[in-house]
Amino acid sequence: MITLLDYGAGNVRSVRNAIAKLGYTVQDVNSPADILNAERLIFPGVGSYGSVMERLRWDGYVEPLIERIKSDKPVLGICVALQALFEGSEESPGVAGLSILKGQVKRFPASSLSVPQIGWNGVNLHRESSLFSGYNDEKLYFVHSYCALLEDADKEWLLTTTNYGLEFVSGVQKGNVAAFQFHPEKSGAAGLNLLGNYLQSGNNESVVVSSPKVTGSQSETRVARRVVACLDVRANDNGDLVVTKGDQYDVRDKGEVRNLGKPVELAKRYYEEGADEITFLNITGFRDFPMQDQPMLEVLQKTSEQVFVPLTIGGGIREFTDSNGREYTSLDVASEYFRSGADKISIGSDACYTAEEYLRTGKKSGKSSIEQISMVYGSQAVVISVDPRRVYVKSPEETEHNCIETTVPGPDGEKYCWYQCTVRGGREGRDLDAVELASSCEALGAGEILLNCIDKDGTNSGFDFELINHVKSAVTIPVIASSGAGSAAHFVEVFLETGAEAALAAGIFHRKEVPIAEVKEALSQAGVEIR
Ligand code: 1PR
């Protein structure tokens, strides 16, 4: 019996599913006494430092947690829970942590690396631990903007470190109390193994283990470029939810919605084939309200029971009033998605309207979907899906939008273009360019950009490097390159030619034209860091 400290923030469902997958039963903490009485406690930390600590304090859990840790009863903390062991964090000044460890958690310093760190990175083990039994140097999934610094770490507690611009503490352990900055529940088979080690024997240091070689800080770990499989989902004319795929966003073939498979089955296949992340886009979200679209929530629930890498879901995240007059905020919609198993949500149309308002007023309203969701769930959970198309001009003076000189001239030989944002699945162009959208959304609290390209979508002709470099240079958050992948070589090129942290494909994976393993092999041969 495993006790889970679920205080209602973020995707605790993944942890629950991972524990169930490993064959254990989960019991929830319902009162402060449960924290003290639990045989083995898992403390997942999702959301901002302040909201985690506030919630723990509100529920009366701070004192029992400190008491449990001090009396060396088994605890495994995940992500912000590791940070909560320290005295405080730059993320939420003035908010006291559990203060088991000295020092303040800091934001990653500005560097050429994007913040948040989103992706698969390695760990260096500083001592043997039963938790790492059977660990084979695999990369693990991290998603965070703040980190605990090595100089602050009490040597007695130091278990693993990881490099991302600097060397930070990615694992701590003392006796039966341990915490990881990475997410074992989202780190595929390697992560499930670590979680299983804890569930099996607690953190008991007296258990003899064959853990990997202790290397300390000798070698630098490197974050991998991610390969993302994307599933555009919608109901076909018979009302069945299917994975579809368009050509430049047109998903009908001879009048019928193309049907490329069942969402849960395909997602599971991609997980098993080595996808680093899976994205679902409810492509009719602009007209169908997701909270009434239970099948989509069910897809997410079922997928998260079987897929242990990050899941993103987009489509229809906005305010809505239903036919009974019930009002939903975009935060309500996102919360429903998170509760159903999403790790990140992606906002399309609503992000355009928000950015336009922000550019018009120059002010943050505090009420937009981006601001509200990132405030509660953290910016790393908010992805902006950009659906741009090229608008050619003869000279930059012809437009007030951010313009590039292009090597792919327009139909009349135009040498310049700007990237017009669209809403409603590419149906409506706005007076907003991709750079304006991406940089406004970053300022409002978004944590990642999913950069589609309508001109390239479904063409298999390769990614639009000009677009990717144009947007990438305007933001400091990670960018996922999307649209146009036709071969493994296209993935190699996009990572060599642009700074994109991840590359996404749909059609070639659905049609089994290029297996994910072939993409990974090509990347590895080209010296691109992969998981
Ligand atoms: O506006 O917040 O409701 O979100 C709607 C979401 O649905 C947006 O993220 C938007 O990109 C997406 N969407 C809407 N209509 C379509 C469509 O195709 N008709 N799909 C659509 C977007 C684009 C990609 C695709 C890549 C890779 N899909 O994500 O998977 O282009 O394809 P490829 O590798 O086959 O070239 P909201």
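Residue indices begin at 1 and follow the sequence shown. Both ligands and their constituent atoms are indexed starting at 1 by order of listing. Only heavy atoms go into these numbers, but all of them, side chains included; no hydrogens, no water, no symmetry mates.
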Under the 3.5 angstrom rule, does the side chain of Glu428 hit a backbone N or O of Thr422 as a donor-acceptor pair?
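No, Glu428 side chain to Thr422 backbone: no donor-acceptor pair under 3.5 Å.
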Closer than 4.0 Å to some heavy atom of [X] - which atoms of ligand 1 meet that?
{"X": "Cys230", "answer": "29 (O), 30 (O)"}
{"X": "Gly316", "answer": "2 (O), 3 (O), 37 (P)"}
{"X": "Asp387", "answer": "8 (C), 10 (C), 11 (O)"}
{"X": "Ser482", "answer": "24 (C), 26 (C), 27 (C), 29 (O), 31 (O)"}
{"X": "Ser385", "answer": "8 (C), 9 (O), 11 (O)"}
{"X": "Gly425", "answer": "14 (C), 15 (N)"}
{"X": "Ala505", "answer": "34 (O)"}

For Ser365, all residues meeting side-chain hydrogen bond (donor to acceptor under 3.5 Å, both in side chains), sequence neighbours excluded
none
Of Tyr146, Phe142, Tyr141, which is the lone residue that meets ring pair (Phe, Tyr, Trp, His ring centres under 6.0 Å) with His144?
Phe142
Does either side chain, that of Ser114 or that of Glu501, offer a donor lying less than 3.5 Å from an acceptor on the other one?
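There is such a pair between these side chains.
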Considering both backbone and side-chain atoms of Ala485, is one of its nitrogen or oxygen atoms within less than 3.5 Å of a nitrogen or oxygen in ligand 1?
no
Closest candidate by heavy atom, reference atom 12 (C) of ligand 1, pool Asp250, Val233, Ile283:
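Looking at heavy atoms only, Ile283 sits closest to atom 12 (C) of ligand 1.
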Going by the closest heavy atom to atom 1 (O) of ligand 1, which one wins out of Ser349, Gly315, Gly314?
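That would be Ser349.
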Partner set under ring-ring contact (aromatic ring centres under 6.0 Å, His included) for Phe495, not counting sequence neighbours
none
Under 6.0 Å from the CZ atom of Arg222, do we count more than 12 heavy atoms belonging to anything else shown?
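Open: at most 12 neighbouring heavy atoms sit under 6.0 Å from CZ of Arg222.
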